[in-house]
Amino acid sequence: MLSASAAETVRATLPAVGKAIDEVARVFYRTMFTDHPKLLDGLFNRGNQATGEQRAALAGSVVTFARVLVERPGERPDALLGRIAHKHVSVGVRKDQYPLVQHYLFQALRQVLGPAVTPAVAEAWAEVYWLMAHSLIAVEERLYARSGADRYGQWRPWRVEQRVTETPGTVSFWLAPADETPVPGFRPGQYVSVAVDLPDGTRQLRQYSLSGASPEGRRRITVRRVTGDAATPAGEVSELLHREVRAGDILQLSAPAGDIALDEGGAPVLLASAGIGITPMAGMLAHLAAARSRRRVIAVHADRSETDHVLREEQARLIAGLPEAELHLWYEECAAGGTALPGRCDLSRLELPPGLVAYLCGPVPFLKSAREDLLRAGVAPRDVHYEVFGPDLGLA
Ligand SMILES: Cc1cc2nc3c(=O)[nH]c(=O)nc-3n(C[C@H](O)[C@H](O)[C@H](O)COP(=O)(O)OP(=O)(O)OC[C@H]3O[C@@H](n4cnc5c(N)ncnc54)[C@H](O)[C@@H]3O)c2cc1C
Ligand code: HEM
């Protein structure tokens, strides 16, 4: 909890800090990367820096955390902390890096807000920062210990055993451990970070959901190629994975991470995805099928067309093998006579059973509309889980 005097100062300055935080985050990253360019080589994602998404996620998370501290001091925003901590352990953030971030964040706060940042204000916000940092560090240490990263290191070599073209723009890589170190398990829905060395000599990390696993311990990731257009460059890592990685190559993977994972209960479950968001759902579905689950499963997928629908046949086969499962498809370009409905996904058309637990993954507009449909249908907010393929701007 914040001290009483810090709580009062934070409450009084929250509107001003909230208004300035995006600019603070911009200055923070700019100055930190100018002084420590190596942080963009093997840790931070320069795509997320270019789009500004990481800046917005950081800013939103700090302000939300401070707001909870002063408005609902008995509460701990576990979902927010869990989301960040899982991302941190997937890239290898360590506790001795927190003072560095504090230094540049507070330097930026002073630069943007000027004399309004009195010593008392700086001290009060330092309390916020360290409460948040210590909460994150505690979760991260538990996750590192559990995954074996403490003993075996952050990165482990996995050999590409098979490369499968799923659609014209998507490939899967089946991976097997390339050394003898024990492999940490994973929960269906989780992701790994993949570290690749780019042609300019820089290392970049990206997250990929585990879209499947074999009983012999192989794991699969499925990667959509991010093609550029006149306004935006092609994706650096997905492009390289598509262009260069073949069977026999070695990829460096983190231990699995991610707070969105299929619960082991027996409640009816909705697995709703759009586009490449099918990957964590495919992992969950494969798990349910392997366990011969008798759970009621409602799978929903939305895509541009049948041709774009990644893992389409596999999804249909797994659903057909589960006794209580059904599949609903929406394609924007819909062929006549098919089983899919035309247009965008509309969950309000489905009959949803009581006690439903929902997992969603796809572009943000899909997530928003699916969540709204579910809440309107009476699904409890705590039972709607979502994965987003980038910094989570919903954290704020
Ligand atoms: C938890 C999680 C799970 C994920 N699972 C999957 C998965 O299963 N499959 C999958 O395919 N992806 C997945 N992703 C997304 C994946 O991690 C990458 O973000 C994706 O592959 C794009 O990476 P990239 O290096 O190719 O693109 P980047 O180079 O990072 O570019 C990303 C976007 O930013 C734009 N951009 C970059 N630089 C600029 C600039 N200077 N100006 C304007 N725009 C710019 C690019 O055009 C592109 O649209 C997941 C992400 C997360 C967080
Ligand atoms: C209290 C301090 C911190 C806060 C509030 C914070 C907040 C965040 C948030 C909100 C995200 C995005 C999570 C998501 O993907 O949705 C994130 C990701 C990340 N953070 Fe932190 N963080 C903190 C400390 C640190 C430290 C000390 C480092 C290491 C120098 C660090 C490095 C990273 C990296 C590398 C990512 C992934 C970035 C990307 O892939 O774009 N963070 N952090």
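Computation of the quantities below employed the complete heavy-atom set of this structure, encompassing side-chain atoms and omitting hydrogens, waters and symmetry-equivalent molecules. Counting starts at 1 for both ligands and their atoms, following the listed order.
Backbone and side-chain nitrogen or oxygen atoms of Ser61 are examined, and none is located within less than 3.5 angstrom of a nitrogen or oxygen of ligand 2. For the pair His88 and ligand 2, the shortest N or O to N or O distance falls below 3.5 Å. Geometrically, ligand 2 and Lys87 share a nitrogen or oxygen pair separated by less than 3.5 Å. Geometrically, ligand 2 and Asn48 share a nitrogen or oxygen pair separated by less than 3.5 Å.
The heavy atom nearest to atom 27 (C) of ligand 2, out of those in Val91, Val101, Leu100, is found in Val101.
Taking every non-hydrogen atom of Met132 and a distance limit under 4.0 Å, the qualifying atoms of ligand 2 come out as 5 (C). Shown in contact with Asp392 at under 4.0 Å from a heavy atom are these atoms of ligand 2, numbered in order with element: 14 (C), 15 (O), 16 (O). Each of the atoms 10 (C) of ligand 2 lies under 4.0 Å from some heavy atom of Ala57. If you number the atoms of ligand 2 from 1 as listed, the ones under 4.0 Å from a heavy atom of Pro391 come out as 14 (C), 15 (O), 16 (O).
Side-chain N or O atoms of Asp373 include one that pairs as donor or acceptor with a backbone N or O of Leu347 at under 3.5 Å. Between the side chain of Arg163 and the backbone N or O of His242, at least one donor-acceptor pair lies under 3.5 Å.
Remark: Glu75 pairs with Arg72 by the salt bridge (charged side-chain N to carboxylate O under 4.0 Å, His left out) rule, at least two apart or across chains.
The pair Glu23-Arg55 does not meet the salt-bridge criterion, since no charged nitrogen lies less than 4.0 angstrom from a carboxylate oxygen. Ion pairing between Glu326 and Arg296 holds under the 4.0 Å rule for side-chain N and carboxylate O.
Residues Asp392 and Tyr386 bring a donor and an acceptor atom of their side chains to less than 3.5 Å of each other.
Between Leu136 and His88, some side-chain heavy-atom pair lies under the 4.5 Å cut-off.
At a 4.0 Å heavy-atom cut-off, ligand 2 touches Gln97 through backbone and side chain alike. Counting heavy atoms under 4.0 Å from ligand 2, residue Val93 touches it through the side chain alone.
Under the 4.5 Å side-chain heavy-atom criterion for grouping Ile, Leu, Val, Met, Phe, Trp and Tyr, Val27 is connected to Leu100 within one hydrophobic cluster.
Using bins of under 30°, 30° to 60° and over 60° for the plane-to-plane angle, the ring pair Phe33/Phe44 lands in the perpendicular bin.
A 6.0 Å sphere centred on CZ of Arg292 holds no more than 12 heavy atoms belonging to other residues, nucleotides or ligands. Summarising the local packing, CZ of Arg382 is surrounded by 12 or fewer heavy atoms from other residues, nucleotides or ligands at distances under 6.0 Å.
For a heavy-atom separation below 4.0 Å, the residues in contact with ligand 1 are Asn45, Gly47, Ala50, Thr51, Lys87, Tyr191, Arg206, Gln207, Tyr208, Ser209, Thr222, Val223, Arg224, Val226, Thr232, Pro233, Gly235, Glu236, Val237, Ser238, Ile276, Thr279, Glu387, Val388, Phe389, Gly390.
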